[in-house]
Amino acid sequence: MNLKLKIWRQPNKEAKGKFEVYEVEATPEMSFLEMLDVLNDQIIEEKGNPIAFEHDCREGICGTCSMVINGQPHGPMGLTTTCQLHMRHFKDGDTIVIEPFRATAFPVLKDLVVDRDSFDRIIQSGGFVSVGTGQAPDGNSILIEQEVAKDAFDAASCIGCGACVAACPNASAMLFVSAKVAHLAYLPQGQVEASKRVKRMVHQMDREGFGNCSNTYACEAECPKGISVENIAKMNREYFSSVIGSQKK
Amino acid sequence: MSWITNFLTSSLGKKLIMSLTGLFLIVFLVVHLSGNLQLLYDDNGVAFNSYAHFMTTNGLITFLSYGLYALILLHAIQGMVIAWSNRKGRSVNYKVGNTKSNTFASRHMALLGLLVFFFLAVHMGDFWYKMKFTDQLMLVPVQGMDVEVKDLYARVDAAFAVWWLVAIYILGLIALALHLWHGFQSAFQTLGLNHKKYTPVIKGLGMIYSILIPAGFAVIPLYFFFIK
Ligand code: HEM
Ligand code: SF4
Ligand code: FES
């Protein structure tokens, strides 16, 4: 299949980028990233500068492969990361526009690569549990109701890819942050620090320059892991009870 | 900063204010509409004029109404502040937009809010201002009352004979309907009220409300223009 690609090229953070047009021949069984690999080989043979894009696991679990394909983060297929998107979902002769994730808090570093350290700083501000190290505890020593474990696990399946930010018209990080807050707040191990955690993480999110949540739910629609906006409501409850309900100032 | 200012300036604190003021306005619209439907009585405005007299002279109502104006302003100003910081969240826009993953109304809450605001300015300038602060309205006697009251009914009648005023009302109410189509359920989500059993009910009620209430208001200018 022959494809026309319009790809955002930007040499570095400060430079003004622009779209370049490429033509590439792909086969339907290739993944989207393999198609870009073929294109990069082609560019290198022509002594050009290959397109920078991020990838790591290529099996849909690390969340690295960030790009917006024809207006949709991770492309047109639901619940799919770019690395797991296959060219059979495109047609011969298609024009595909590929852009980096766009958010003030995710500055473009090069071509399709954006800096998502803002997510790391949010996690560092509170997205963890403090536990005593030492012997590994017994698997089921703390009993957790199956329904609760399921909700916590669903939230925990967020891979931190940032597609929610990329999809949100306000570039809000609420789905990501709420998935992390809810995942820990559902579980007894996380509840000890829950009140402190939610405040710190929300305030760090605000400092990073993400937009606010307008409840458009574009995040949920584009999230490759199907993280639900119920987590956002859960985080709101956690935050309000932490600020208004708790005795701490 | 104290915990309270920290809270009210946080993204979630700002949204809590939007949600609570929005819900207050939702309740107000029901009260406002039920009063105004008296305009449809075929009694030359007796019922409506005495109701309007009561609403503008009763001390408690006057007190509450200033609270209402303050909350509308708070909602509008806070909404604009939020919309502004949302724009700053994305400084470079996409070449290919994404309209598949969300609704028109949810993307354009600020624009719809501004349209409602301009509509409110026209609406209050025409009725509320003239009623409260000018002597433009004639005094008419009302059966059963010992004072003469301002004839707001006549002003409504005259306003809704003008096609472009009727058009402004209809457009303003369409904007309100869209604002509430998204806003009603959004306010509950903001409060953290998302529930497997009740959220579908809230969404359904929101759709019914956002059509029924603006439609109820729209009946009034349409009735005066086309039927009366
Ligand atoms: C009677 C009139 C109005 C009613 C009943 C109303 C109701 C609501 C409700 C229920 C919400 C949802 C709150 C949430 O998401 O938590 C909302 C959001 C909003 N309103 Fe209004 N509103 C009215 C007038 C206005 C006006 C006059 C403006 C601005 C000039 C405005 C601007 C906004 C904005 C910008 C939002 C979205 C905030 C966000 O990003 O989530 N509204 N409104
Ligand atoms: S919530 Fe979904 S879209 Fe957002 S970072 Fe997590 S996995 Fe990615
Ligand atoms: S490369 Fe790891 S999720 Fe796509």
Side-chain angles (χ1 to χ4, degrees), chain A residues 6 8 17 19 68-73 76 97 99-100 102-108 165-174 198-199 202-203 205-206 209-222 228-241 243-244 246 248-249, chain B residues 1-16 18-20 78-79 81-110 113 182-196 198-199 202:
Chain A
K6 283 192 187 156
W8 182 259
F19 282 95
V68 172
I69 302 165
N70 288 340
Q72 287 181 281
V97 182
E99 304 174 69
R102 295 285 189 202
T104 309
F106 288 170
V108 175
V165 175
C168 175
N170 309 333
S172 160
M174 288 280 278
V198 66
K199 251 192 278 190
V202 166
H203 293 160
M205 170 181 84
D206 289 351
F210 293 101
N212 306 275
C213 178
S214 290
N215 301 328
T216 72
Y217 309 145
C219 50
E220 181 183 86
E222 297 293 352
S228 160
V229 295
E230 282 171 30
N231 291 300
I232 296 184
K234 165 91 177 154
M235 175 164 83
N236 292 1
R237 292 198 296 277
E238 290 282 324
Y239 184 73
F240 297 145
S241 64
V243 176
I244 301 167
S246 97
K248 289 197 212 81
K249 289 204 169 176
Chain B
M1 271 196 289
S2 79
W3 68 273
I4 188 104
T5 48
N6 256 334
F7 171 56
L8 293 178
T9 53
S10 73
S11 56
L12 294 192
K14 282 189 232 155
K15 282 287 324 234
L16 180 67
M18 285 311 282
S19 165
L20 293 177
Q78 182 80 285
V81 169
I82 288 176
W84 180 250
S85 71
N86 289 348
R87 280 179 68 101
K88 285 198 302 190
R90 175 164 296 128
S91 35
V92 183
N93 279 322
Y94 290 112
K95 181 179 169 75
V96 184
N98 185 352
T99 51
K100 274 177 243 155
S101 57
N102 53 18
T103 59
F104 173 87
S106 73
R107 265 177 282 131
H108 297 290
M109 285 302 273
H182 175 70
F184 192 99
Q185 55 80 35
S186 176
F188 290 88
Q189 165 81 359
T190 301
L191 291 179
L193 301 173
N194 186 323
H195 193 280
K196 290 212 166 54
Y198 309 126
T199 298
I202 292 174

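Labels below follow one simple rule: chain letters A, B, ... track the order of the sequence lines, proteins then strands, and each chain is numbered from 1.
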Query raised in the report: Using a cut-off of under 4.5 Å for heavy-atom pairs, which of A:A103, A:G211, A:A221, A:A218 has the most such pairs with chain B?
Result: A:A218
Report summary line: For A:N215 and B:Q189, the nearest pair of non-hydrogen atoms, with its separation, is OD1-CG, 3.4 Å
Requested in this report: Kindly determine whether B:N86 and A:N212 satisfy side chain to side chain donor-acceptor pair (under 3.5 Å), including the steps that lead there.
Outcome: CA-CA 6 Å; B:N86 289 348; A:N212 306 275; 2.8 Å; yes
Query - Per-residue contact mode, A:K6 against chain B (heavy atom under 4.5 angstrom) - result: side chain
Query - Ion pair A:E238/A:K234, N-O distance below 4.0 Å - result: yes
Query raised in the report: Considering only heavy atoms, which portion of A:Y239 lies under 4.5 Å from any heavy atom of chain B: side chain, backbone, both, or neither?
Result: side chain
Query raised in the report: Heavy-atom distance under 4.5 Å to chain B: side chain of A:E99, backbone, both or neither?
Result: side chain
Requested in this report: Identify which part of A:Q72 has an atom lying under 4.5 Å from any heavy atom of chain B, answering side chain, backbone, both or neither.
Outcome: both
Query raised in the report: Which atoms of A:A173 come close to chain B, meaning under 4.5 Å heavy atom to heavy atom: side chain ones, backbone ones, both, or neither?
Result: neither
Query - Interchain contact, A:V108 with chain B, by part (heavy-atom threshold 4.5 Å) - result: neither
Query raised in the report: So do A:F19 and A:V97 actually touch side chain to side chain, heavy atoms under 4.5 Å?
Result: yes
Report summary line: The reported gap from OH in B:Y94 to CZ in A:R102 (rounded to nearest 0.5 angstrom) is 7.5 Å
Query raised in the report: Relative to chain B, which segment of A:F106 carries a heavy atom at a distance below 4.5 Å: side chain, backbone, both, or neither?
Result: neither
Requested in this report: Please assess B:I202 against B:F184 for the test side chain to side chain contact (heavy atoms under 4.5 Å, CB included), listing each intermediate value before the final yes or no.
Outcome: CA-CA 8 Å; B:I202 292 174; B:F184 192 99; 4.3 Å; yes
Query raised in the report: Between B:K95 and chain A, which part of the residue has a heavy atom less than 4.5 Å away: side chain, backbone, both or neither?
Result: both
Query - Leading residue by heavy atom contact count with chain A [cutoff under 4.5 Å; candidates B:S101, B:S85, B:S106] - result: B:S101
Query - Stepwise side chain to side chain contact (heavy atoms under 4.5 Å, CB included) test for B:K196 and A:E230 - result: CA-CA 9 Å; B:K196 290 212 166 54; A:E230 282 171 30; 3.0 Å; yes
Requested in this report: For the residue pair B:Y198 and B:H195, categorise the inter-ring angle as parallel (less than 30°), tilted (30 to 60°) or perpendicular (more than 60°).
Outcome: parallel
**Report entry** Contact class of A:C168 relative to chain B, heavy atoms under 4.5 angstrom
**Finding:** backbone
Report task. Search all heavy atoms of B:S10 against all heavy atoms of A:D206 and return the closest pair with its distance. Result -> CA-OD2, 3.5 Å
Requested in this report: Could you have a look at B:S91, B:A105, B:G89, B:G97 and say which one has the most heavy-atom pairs with chain A under 4.5 angstrom?
Outcome: B:G89
Query raised in the report: Who wins among B:N93, B:L16, B:T103 for the most heavy-atom pairs under 4.5 Å with chain A?
Result: B:L16
Query raised in the report: Which answer fits B:T190, side chain, backbone, both or neither, if we ask what part of it has an atom under 4.5 Å from a heavy atom of chain A?
Result: both
